[in-house]
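Comments concern the structure below.
As the structure lists them, so they are numbered: ligands from 1, and atoms in each ligand from 1.
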Amino acid sequence: MNIEQFVKRAKESHVFHEGEVADIDTIASSLSATRPLLYWTMELYDKDENNIKGGGGLGILAADTRRTAQQLGIPLILITPFYTLESHQKLDNFWQVEEIRAVHPGPAYRPYGSTSVSTAQHTTAPLDVFERTHGSTQIVAVTEKNFGELYPGSNNGDHRLYQEIALGFGGYKALKTKGIEAAYMQLNEAPTVFAALARLDDMLQSGASFETALHTLRTQILYTNHTLVPAAEGEFSRAQFDHFVYPNISSNTLREWVAGLFNAEHNLKLSLLAIELAGKKSAVSKLHAKVAHFTDRHGDIVEFEPVTNGISRKWILPKIEKLYHTSGILNEADLPSNEYLSHLRSLDMSTVRHLRQAGRNHLTAVLQRRKNQYGQATTIPDEALIFDFKRRFASYKRPDLLFQDTERLAHILVRHNAHVILTGKPHPNDEHMKHELQALLRTAHDNPALRERFHYLQDYDEEIGQALAFGADCALNVPIVGEEACGTSWMKDIANMKLLISTPDGGVADVQPIACFEVSGDNEAESLYSNMEQVAHILRDDESYKREIIRSLGAYLPVLSGPRMMAKYLQLFATK
Ligand SMILES: *Cc1c(COP(=O)(O)O)cnc(C)c1O
């Protein structure tokens with residue numbers, strides 16, 4: 001596939017409303033290898049293919065964005081740090097301990113030259129740059145031997161700021177040396193904003209007036225926000241800017257302009273900087289665009305364009321993906337075809353059962369090589385149903401909702417011959433959730449039925465995420481409504497014809513009413529349990545199962561499509 005073919009397919013597609021992607025051919029024809037989309041991200045999660053491990057959804061999205069661009073022939077360079085330390089989870093008596101491993105880019109990466117950033121007192125910090133090319137896309141990674149790990153301490157720390165300027169200023173310089181024109185830049189969250197400052201400073205050096213340069217820059221930059229409220233974000237002090245940021249800016253006017261953005265407490269949130277520098281702003285689901293509450297320097301509310309996240313092919317069992325193509329559900333651009341609903345209705349359930357079994361076999365193999373809460377392999381009988389809960393062990397995602405009534409849970413699992421697999425790490429600094437995890441594992445241990453039917457997988461990663469998407473039967477997604485910006489693991493589940501039990505939050509709420517089993521009401525735990533019972537019945541009956549697949553896939557196939565997301569981003573870049 002090349003970009004022209006993709007543009008043609010997107011413009012013909014019913015996935016988009018009239019005119020929604022009307023201008024993407026103009027941007028497509030102005031992109032090239034030396035004038036690509038520059039995708040800046042502090043996190044990339046693509047260990048399997050590119051040897052870089054991230055922490056969660058932000059990095060998974062970056063990897064999926066690049067992979068989708070490659071598939072569609074879109075020229076894109078993804079610029080990211082290469083962290084030299086990688087964190088893994090282990091359990092000791094159900095208590096999480098982090099194991100830190102030293103890592104290197106490895107032979108798949110080639111040297112891309114060197115760059116540097118400056119800090120106060122005119123010291124220069126040299127940086128190494130590596131690259132790896134995949135079709136129309138390239139990964140450019142900035143690092144040095146003491147670069148450290150992703151999210152080491154606080155969001156406001158000196159080392160974090162150093163990593164951020166290394167990416168933004170260091171990365172910008174490295175690309176410029178190679179003759180890459182930074183005409184279109186996407187900032188995947190605010191901490192990548194230094195790339196935009198570097199660009200503006202560069203424009204000022206070539207003689208543009210500040211107003212003209214800022215105006216031009218704003219037409220070229222898209223800031224993609226993943227946060228709900230600025231309170232959740234890091235901020236930096238004037239002293240930190242003096243030390244790390246200003247030494248990398250040549251223009252006095254620009255330094256003064258930045259200084260004017262600090263608040264009364266002499267701090268600056270990077271989201272404000274991103275809002276002021278980017279003329280285009282997007283949120284990652286419809287609901288997120290509504291609830292994200294950010295203001296610009298004048299105190300005016302910022303409007304975000306909703307571009308719901310999508311996933312790449314990696315998360316769909318290859319045999320299922322093949323079926324989507326042979327049966328005409330997906331077209332060659334991986335967009336749902338204009339007749340996909342009727343093709344979905346003619347799916348044959350014995351084929352579906354056969355494919356689901358192939359997914360289950362994949363999961364069974366992965367469960368053999370990974371460790372559960374007892375440090376052992378996990379074996380689940382073939383006839384048993386599997387519910388999964390796989391996501392960061394964060395309080396708002398509510399991994400504990402399932403354990404509100406342990407007896408009830410145990411009873412459901414026994415009665416329906418079902419198992420639950422839970423996986424996900426508490427943040428290393430989140431003592432509260434580390435205790436929650438330990439308490440939850442003890443509770444399960446003390447209940448004989450749960451000891452047999454409840455499994456916690458250590459060190460949640462792509463392999464586990466993918467295996468559960470391929471092979472479990474039903475996913476549980478119960479964030480507190482209004483707190484999940486989008487979420488993508490539920491998309492992986494729907495794409496593999498699993499059933500989904502969810503609160504109406506994040507990207508799930510793009511479709512109204514939500515097209516899965518809804519957890520709602522005053523007693524959400526009870527709602528979760530009764531949905532689990534209903535799903536258990538449905539999964540054992542072909543006719544009802546098929547009806548649910550048609551309902552969920554029918555509604556969400558356009559939503560979860562990576563190419564749908566890419567077309568919307570191209571449109572945002574094309575819009576004046
Ligand atoms: C898909 C995936 C995520 C993102 O999940 P959310 O639903 O956005 O929380 C995080 N980590 C891994 C390993 C994944 O595979």
Side-chain angles (χ1 to χ4, degrees), residues 41 43-68 86-89 150-151 188-189 224-228 283-285 287-288 307-317 359 362-363 366 370 388-399 421-427 430 433 456-472 474-481 483-496 498 500-510 514 516 556 559-560 562 565:
T41 184
E43 189 180 333
L44 173 65
Y45 197 153
D46 198 4
K47 187 74 183 171
D48 288 351
E49 229 182 304
N50 288 304
N51 199 31
I52 296 186
K53 189 175 185 302
L58 190 76
I60 294 279
L61 175 73
D64 277 347
T65 302
R66 190 211 55 79
R67 216 176 281 119
T68 305
E86 193 177 277
S87 161
H88 290 266
Q89 178 202 42
L150 170 65
Y151 308 136
N188 190 35
E189 260 307 350
T224 299
N225 174 284
H226 297 255
T227 323
L228 295 157
V284 291
S285 72
L287 184 60
H288 178 224
V307 181
T308 303
N309 291 339
I311 57 172
S312 73
R313 281 181 180 175
K314 166 187 171 126
W315 305 104
I316 312 181
L317 184 77
H362 176 89
L363 173 61
V366 170
R370 300 298 297 250
D388 72 69
F389 182 103
K390 53 178 178 325
R391 50 205 78 249
R392 277 185 305 112
F393 206 85
S395 149
Y396 81 88
K397 294 187 186 251
R398 296 193 293 185
I421 296 177
L422 178 90
T423 186
K425 295 174 239 189
H427 188 280
D430 192 347
M433 289 310 280
Y456 178 81
L457 298 181
Q458 297 189 33
D459 206 23
Y460 175 45
D461 61 5
E462 292 159 282
E463 178 182 59
I464 292 177
Q466 193 190 45
L468 288 169
F470 289 179
C474 174
L476 311 177
N477 177 54
V478 289
I480 297 172
V481 174
E483 301 210 4
E484 184 75 83
C486 179
T488 55
S489 57
W490 66 270
M491 297 180 175
K492 304 169 190 169
D493 302 312
I494 299 275
N496 288 288
K498 285 169 65 178
L500 173 68
I501 298 176
S502 179
T503 46
D505 197 24
V508 175
D510 263 31
I514 64 171
C516 60
Y556 290 119
V559 178
L560 62 83
M565 171 182 74

Note: Tyr460, heavy atoms under 4.0 Å from ligand 1, region reported as side chain

Applying a 4.0 Å heavy-atom criterion (strictly less than), which segment of Thr488 is in contact with ligand 1: side chain, backbone, both, or neither? both

For atom 13 (C) of ligand 1, which protein heavy atom lies nearest, and how many Å away is it? Asp461 C, 3.4 Å

Shortest protein contact, atom 7 (O) of ligand 1 (heavy atom only): Ser489 OG, 2.7 Å

I'd like to know if Arg67 and Glu49 make a salt bridge, using a cut-off of under 4.0 Å between side-chain N and carboxylate O. yes

Would you say Lys492 has any N or O atom under 3.5 Å from an N or O of ligand 1, going by distance alone? yes

N/O separation below 3.5 Å, Lys397 to ligand 1: yes

Atoms of ligand 1 less than 4.0 Å from [X] heavy atoms?
X	answer
Glu462	13 (C)
Gly487	7 (O), 8 (O)
Trp315	15 (O)

Is there a side-chain contact between Trp490 and Lys498 (heavy atoms, below 4.5 Å)? no

If you measure only the distance, is there a donor-acceptor pair under 3.5 Å linking the side chains of Tyr460 and Gln89? no

Asp510 side chain to Thr308 side chain, donor-acceptor N/O pair below 3.5 angstrom: yes

Can you tell me which residue among Leu58, Thr65, Asn225 is in a side chain to side chain contact (heavy atoms under 4.5 Å, CB included) with Asn188? Leu58

Can you tell which of Lys47, His88, Lys53, Arg370 makes a side-chain hydrogen bond (donor to acceptor under 3.5 Å, both in side chains) with Asp461? Arg370

Between ligand 1 and Trp490, can you find any atom pair, the residue atom being a heavy atom, that is separated by under 4.0 Å? no

